[in-house]
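This report concerns only the one structure given below.
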Amino acid sequence: MEKIVVTGSCGFIGYNFIKSNSSNFKIIGIDSLNNAYDKKLKDLRLLSLNDEPNFTFKHLDLSNEIALDKESEIFENVSTVLHLGARAGVRQSFLDPKSYILDNTAATANLALNVKKYKIKKFIIASTSSIYGDTGVNYAEENKDELENPPSIYAATKSFGEVLARNILEDTNTTIQIPRFFTVYGPFGRPDMSILRFIHWISTNQEVIIYGDGEQKRSFTFISDIISGLNKLFSHDDSGIFNFGSNETWSLNQVINLIEKKLNKKAIIVNRERAMKDVDIVLPSLKLSKSLLNWEPTTRIEDGIDATVEWYKNYKDELKEIKFKYEYEK
Ligand code: UGA
């Protein structure tokens, strides 16, 4: 069985990837279990991952070079490193730039150095639509593969991580693939992101905080479409940058309507000041993902929200313990 390393194994995407692939690979999951958002949710994911027979967990902070060096035998005979570990909040990045620099750039560089040292065949580095900023719609992968005035500290550090990895692995035979995700949602999602918060707040009759008037649009992408995109990368041999996003956009107000209908409850909406540098609309070009990977999103937003609400209901007791708001939002 092929051995792979997945970083951010206790994060939203890492968890879902491992759950659906643990019979295909021998997986070593790495996670620092940091407190970027409520750690209890990461613990809950880890508990569920520990049921998987081919999964081994390493509690490790990739930005700590010395700790990583001590564990570097992890990388022996590994065919692919899937790097999903990151600090991922756009708004929080302005408050805590140093953690973003460490976790999204230093950590990525440390990992890339091990990929080089162990001559690993493939390095997949998760990236984000956030690096495109407010540059209009139909963002094309090929026009934006360099660090170019990224619109937040989060975006700057993710973009620089891509650049560092490519430089470190220049002149090696490692294939580098960079999937850029567009506002992913679904079961086991992040409690700092809009959809899961809206579901939680409407379900529990709490105020729904909307930053702005709710007319900003996102290409909300269901987690299973992201996992199918990552699976395509595992069977594609060439380096490249690929957008994995929905081919439609929805405003926050539209999404709240769908959740209200599903829960049969009315949201108590509180509009607050728009978040710093928040983008109005995000819509990917899927040209390369379609033509080179034969990948397309297939989940209708109604179905994705239904599945997320059903999951939320099943985990209601556990989620009661999770903090959905940061101190500064109270
Ligand atoms: C999201 C993720 O947080 C990033 O990790 C990811 O890289 C990025 O998508 C991406 O697509 O690449 P963001 O677009 O900010 O970033 O997604 P949400 O947190 O779901 O926010 C979407 C919109 O809802 C933003 O305008 C935000 O200000 C708003 N929002 C969010 C609220 O109005 N209220 C909230 O409580 C949370």
Side-chain angles (χ1 to χ4, degrees), residues 8 11-14 36-37 83-95 100 103-104 125-135 137 139 141 144 150-159 161-162 178-186 189-202 204 206-223 225-226 229 241-246 249-256 259 267-284 297 301 304-305 308 323-326 328-330:
F12 171 33
I13 298 173
Y37 56 83
H83 182 33
L84 299 170
R87 293 256 168 184
V90 181
R91 294 168 293 286
Q92 303 89 291
S93 70
F94 291 101
L95 303 172
Y100 280 73
D103 291 343
N104 295 348
I125 310 167
S127 191
T128 163
S129 75
S130 299
I131 72 171
Y132 296 126
D134 229 346
T135 50
V137 293
Y139 305 135
E141 303 89 333
K144 287 271 177 180
S152 66
I153 287 166
Y154 167 58
T157 56
K158 286 301 289 178
S159 188
E162 292 183 12
I178 303 181
R180 291 189 178 144
F181 304 140
F182 285 65
T183 321
V184 189
Y185 71 100
R190 286 188 4 231
D192 58 312
M193 284 184 69
S194 55
I195 288 190
L196 192 54
R197 287 180 149 197
F198 296 161
I199 292 173
H200 174 64
W201 288 332
I202 297 171
T204 52
Q206 296 183 62
E207 288 181 343
V208 172
I209 303 171
I210 297 188
Y211 292 112
D213 62 5
E215 282 307 302
Q216 62 265 50
K217 293 188 166 71
R218 293 289 184 276
S219 293
F220 291 103
T221 312
F222 190 60
I223 184 70
D225 285 324
I226 294 297
I241 299 174
F242 303 95
N243 286 339
F244 289 146
S246 205
T249 61
W250 296 272
S251 69
L252 298 184
N253 292 327
Q254 286 173 316
V255 161
I256 287 174
I259 299 171
I268 311 161
I269 290 175
V270 178
N271 293 94
R272 292 207 188 154
E273 198 182 326
R274 187 85 185 263
M276 185 150 66
K277 298 206 187 169
D278 193 44
V279 294
D280 288 333
I281 180 160
V282 177
L283 181 65
I301 192 147
I305 285 183
T308 312
K323 283 199 191 79
F324 280 77
K325 271 187 204 158
Y326 293 99
Y328 68 86
E329 295 181 294
K330 286 183 178 155

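Atoms within a ligand are numbered from 1 in the order they appear, just like the ligands themselves.
- Taking distance alone, with nitrogen or oxygen atoms compared against 3.5 Å, E329 stays at or beyond that limit from ligand 1.
- Taking atom 20 (O) of ligand 1 as the reference point, the nearest protein heavy-atom neighbour is S194 OG, 2.6 Å.
- Under a 4.0 angstrom heavy-atom cut-off, G89 registers as lying outside contact with ligand 1.
- Between F181 and ligand 1, an N or O atom pair is found at a separation short of 3.5 Å.
- In this structure, F12 falls outside the shell of residues with a heavy atom less than 4.0 angstrom from ligand 1.
- At the top of the distance list for atom 32 (C) of ligand 1, counting protein heavy atoms only, stands Y211 CD1, 3.5 Å.
- Residue contact check: W201 has heavy atoms under 4.0 Å from atoms 36 (O) of ligand 1.
- Among protein heavy atoms, the minimum distance from atom 17 (O) of ligand 1 is reached at T183 CG2, 3.6 Å.
- For A267, the side-chain contact (heavy atoms from CB on, under 4.5 Å) criterion is met by I202, V208, I256, E260, I269, not counting sequence neighbours.
- Short contacts between ligand 1 and R218, defined as distances under 4.0 Å to a heavy atom of the residue, involve ligand atoms 14 (O), 22 (C), 25 (C), 26 (O).
- In this structure, R190 counts as a contact residue of ligand 1, since one of its heavy atoms falls inside 4.0 Å of the ligand.
- In this structure, atom 8 (C) of ligand 1 lies nearest to the protein heavy atom S130 OG, 3.6 Å.
- Although no hydrogens or angles enter the test, the distance criterion places no donor-acceptor pair under 3.5 Å between the side chain of R218 and the main chain of V184.
- In the vicinity of F182, heavy-atom distances shorter than 4.0 Å reach the ligand 1 atoms 11 (O).
- Protein heavy atom nearest atom 29 (C) of ligand 1, with residue, atom name and distance: L252 CD1, 3.6 Å.
- The side chain of R91, and not its backbone, has at least one atom closer than 4.0 Å to an atom of ligand 1 (non-hydrogen atoms only; side chain from C-beta on).
- At least one heavy atom of Y154 sits under 4.0 Å from some atom of ligand 1.
- For ligand 1, the atoms closer than 4.0 angstrom to any heavy atom of V90 are 15 (O), 16 (O).
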